[in-house]
Amino acid sequence: MSTPDNADEITSARATAFDDEAILLIGHGSRREKSNEQVRELAAALESRLGIPVDAAFLELAEPAIDEAIAELAALTSQVTVVHCSLFAASHVKNDVPLAIEQARATHDVTIDNGAHLGIHPAILDLLDDRAAAVEAELGVDRTEDDVAVVLCGRGSSDPDANGDVHKLARLLYEGRAFDRVEASFIGVTEPTLEESLHGLSKHRPDAVVVLPYMLGDGVLTQRVRDWTAEFDDEYPYVDALAGDPLGTDSRLLDVFADRWQEARTDSVDMSCDTCKYKVDLEGYEEDVGGARAMLRALAHQQSHADRENVDEEPHTHDAPEKHVAVCTNQTCAKMGSPAVLERLRQEARDSEHCDARITRSSCLGRCGDGPMVAVYPDGIWYGDVASEDAERIVGDHLDRDRIVSDLVDQTL
């Protein structure tokens with residue numbers, strides 16, 4: 001390959017243009033060091049791509065923290081551009097990182113430009129298309145000849161804006177491609193869940209279902225996607241189903257990072273403010289308008305993750321269980337057998353591979369005579385007249401699969 005005569009001049013000019021700038025690539029942080037290394041690997045690859053220094057930092061659980069990383073960069077450069085590894089704009093992008101940046105601006109003499117999340121980008125669609133093709137090849141199907149359905153499975157968020165983008169990405173993946181259908185789904189927090197989407201697709205009897213975990217790293221959630229997909233594949237023998245790989249460190253992500261970097265440094269970041277629950281009065285999210293609650297949450301969130309050296313030993317707010325189960329053991333319910341119900345629920349939860357719940361005693365729930373009472377939160381489902389033999393269904397259906405045991409429901413809140 002020939003080299004232009006002025007190649008050295010071009011390289012020199014490029015280095016001069018960026019000699020006082022650095023990029024900070026921010027990941028979430030994980031207990032799994034492999035996931036943290038993926039962020040560092042992406043940072044190193046982006047540095048090679050752009051030819052300017054790129055460091056990695058983490059919101060929580062891993063080092064360095066954002067303020068520590070900016071402090072180090074401030075001693076070396078006068079301009080730092082923050083680039084996010086977050087796939088969508090939820091609370092981390094809208095609250096936690098901006099708060100950390102504002103605190104750093106007040107502490108260090110450095111210009112900090114804050115970029116946008118990865119979001120929806122042609123390079124990501126191309127990457128997802130390839131991930132789907134790899135699964136098709138493993139299943140021995142061809143979307144142009146067979147009915148191939150795709151489920152794009154995101155993490156799920158309490159932010160409607162972020163969830164809406166998962167649906168948009170799924171639609172764009174469908175457009176112009178020969179898939180029979182492409183549906184958006186979530187592993188938690190919101191609906192439809194992956195299980196619901198898979199069972200719904202079974203009614204259409206496709207030849208194959210390709211499940212794409214829309215996540216950066218390969219961790220607990222991606223394994224849950226694989227497990228649920230495998231369970232579906234076993235339950236419906238007439239449909240072949242298989243989960244693909246997450247985004248990982250594919251080089252096409254560098255194209256997105258580069259675009260987000262350029263937008264931030266040229267003050268052209270485009271956030272989805274028209275549908276942001278902190279700025280617009282959306283149905284069901286009225287109390288979030290103004291962002292006061294979000295700011296309080298961000299401050300508390302930041303403080304709770306101040307210690308990053310003992311993440312394996314110290315309690316961590318994100319390790320809170322998905323569900324809390326309260327079993328009334330007050331006098332009336334106790335006489336009706338609630339201690340046996342409590343013990344059986346705990347045993348079934350221990351035996352389950354998927355249950356993520358804390359099961360505790362409760363004082364009177366105000367339903368004397370209708371017990372034993374069992375309340376499941378945050379779902380707000382109260383079960384009444386529960387017998388110890390019902391524990392298997394409550395754990396197996398509700399706590400494991402989010403399927404309410406309807407014949408035991410006393411009330412919903």
Side-chain angles (χ1 to χ4, degrees), residues 38 42 45 87-88 118-156 163-188 190-257 259 401:
Q38 286 183 320
L42 285 168
L87 298 174
F88 297 114
L118 282 166
I120 298 171
H121 191 282
I124 290 178
L125 285 167
D126 185 55
L127 173 52
L128 289 172
D129 195 357
D130 282 355
R131 289 284 187 268
V135 176
E136 290 176 72
E138 191 166 347
L139 290 175
V141 295
D142 185 339
R143 71 185 72 163
T144 62
E145 299 176 0
D146 304 302
D147 288 340
V148 177
V150 176
V151 179
L152 182 67
C153 186
R155 182 185 185 279
N163 296 329
D165 276 349
V166 179
H167 285 271
K168 181 175 181 179
L169 191 64
R171 182 65 197 186
L172 290 174
L173 184 62
Y174 172 79
E175 294 286 350
R177 295 175 178 85
F179 295 121
D180 184 56
R181 61 187 66 236
V182 178
E183 297 188 3
S185 186
F186 303 94
I187 199 66
T190 190
E191 297 177 335
T193 65
L194 176 58
E195 276 196 320
E196 291 169 343
S197 295
L198 288 172
H199 287 291
L201 280 173
S202 68
K203 300 174 183 178
H204 299 280
R205 303 183 73 88
D207 297 310
V209 176
V210 174
V211 179
L212 300 178
Y214 192 60
M215 299 151 196
L216 196 65
D218 196 350
V220 174
L221 295 183
T222 50
Q223 186 57 49
R224 191 176 300 172
V225 170
R226 294 188 183 101
D227 291 344
W228 286 4
T229 304
E231 290 177 10
F232 171 80
D233 184 61
D234 290 340
E235 189 173 349
Y236 293 89
Y238 58 83
V239 181
D240 289 329
L242 185 66
D245 292 327
L247 301 181
T249 57
D250 192 280
S251 61
R252 280 166 285 195
L253 291 174
L254 303 181
D255 298 335
V256 191
F257 288 139
D259 283 352
R401 299 180 175 84

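What you see is a predicted model; the values in this text were computed from it and never measured.
Looking at every heavy atom in both residues, Asp233 comes nearest to Asp240 through OD1-CA, 3.6 Å. In plain terms, the two heavy atoms of Arg252 and Asp130 that are nearest each other are NH1-OD2, 2.6 Å. Across Arg177 and Asp129, no two heavy atoms sit closer than the pair NE-OD2, 3.0 Å. Pro213 approaches Thr222 most closely through the heavy-atom pair CB-CG2, 4.1 Å. Of all the heavy atoms in Gly248 and Gln38, the pair that sits closest is CA-NE2, 4.2 Å. The minimum heavy-atom distance linking Leu87 with Leu216 is given by the pair CD1-N, 4.2 Å.
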Can you check side-chain contact (heavy atoms from CB on, under 4.5 Å) on Val239 and Leu201, steps first, answer last? CA-CA 10 Å; Val239 181; Leu201 280 173; over 6 Å; no
side-chain contact (heavy atoms from CB on, under 4.5 Å) assessment of Asp218 paired with Arg226: CA-CA 11 Å; Asp218 196 350; Arg226 294 188 183 101; 3.0 Å; yes
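In this structure, Arg401 CZ and Leu194 CG are separated by 12.5 Å, a value rounded to the nearest 0.5 Å. Distance CD1/Ile120 to CG/Asp165: 4.0 Å, rounded to 0.5 Å. Distance CD1/Ile187 to CG/Leu221: 6.5 Å, rounded to 0.5 Å. With rounding to the nearest 0.5 Å, the separation of CD1 in Ile124 from CG in Leu253 is 6.5 Å.
Classification of the Phe232-His199 ring pair by plane angle, with boundaries at 30° and 60°, yields perpendicular.
Side-chain contact between Tyr238 and Ser202: present, with at least one pair of heavy atoms (C-beta onward) separated by less than 4.5 Å. Between Glu136 and Phe179, the closest side-chain pair of non-hydrogen atoms falls below 4.5 Å. The closest side-chain heavy-atom distance from Glu195 to Glu231 is below 4.5 Å. For the pair Asp250 and Arg131, the minimum side-chain heavy-atom distance is below 4.5 Å. At a threshold of 4.5 Å between non-hydrogen side-chain atoms, the residues Phe186 and Cys153 do not count as touching. The closest side-chain heavy-atom distance from Leu128 to Leu169 is below 4.5 Å.
A donor-acceptor pair under 3.5 Å is formed between the side chain of Asp207 and the backbone N or O of Asp147. His204 contributes no side-chain N or O that, together with a main-chain N or O of Pro206, makes up a donor-acceptor pair within less than 3.5 Å. In this structure, the side chain of Asp146 engages the main chain of Asp142 through a donor-acceptor pair within 3.5 Å. At least one donor-acceptor pair under 3.5 Å links the side chain of Ser185 to the backbone N or O of Thr193. Looking at Arg143, its side chain never comes within 3.5 Å of a backbone N or O of Asp180 through a donor-acceptor pair. Between the side chain of Arg155 and the backbone N or O of Met215, no donor-acceptor pair lies under 3.5 Å.
Residue Val182 is tested with Leu212, Val210, Leu173, Val151 for a side-chain contact (heavy atoms from CB on, under 4.5 Å); the sole match is Leu173.
In Glu138, the CD atom is not crowded: 12 or fewer heavy atoms of neighbouring residues, nucleotides or ligands sit closer than 6.0 Å.
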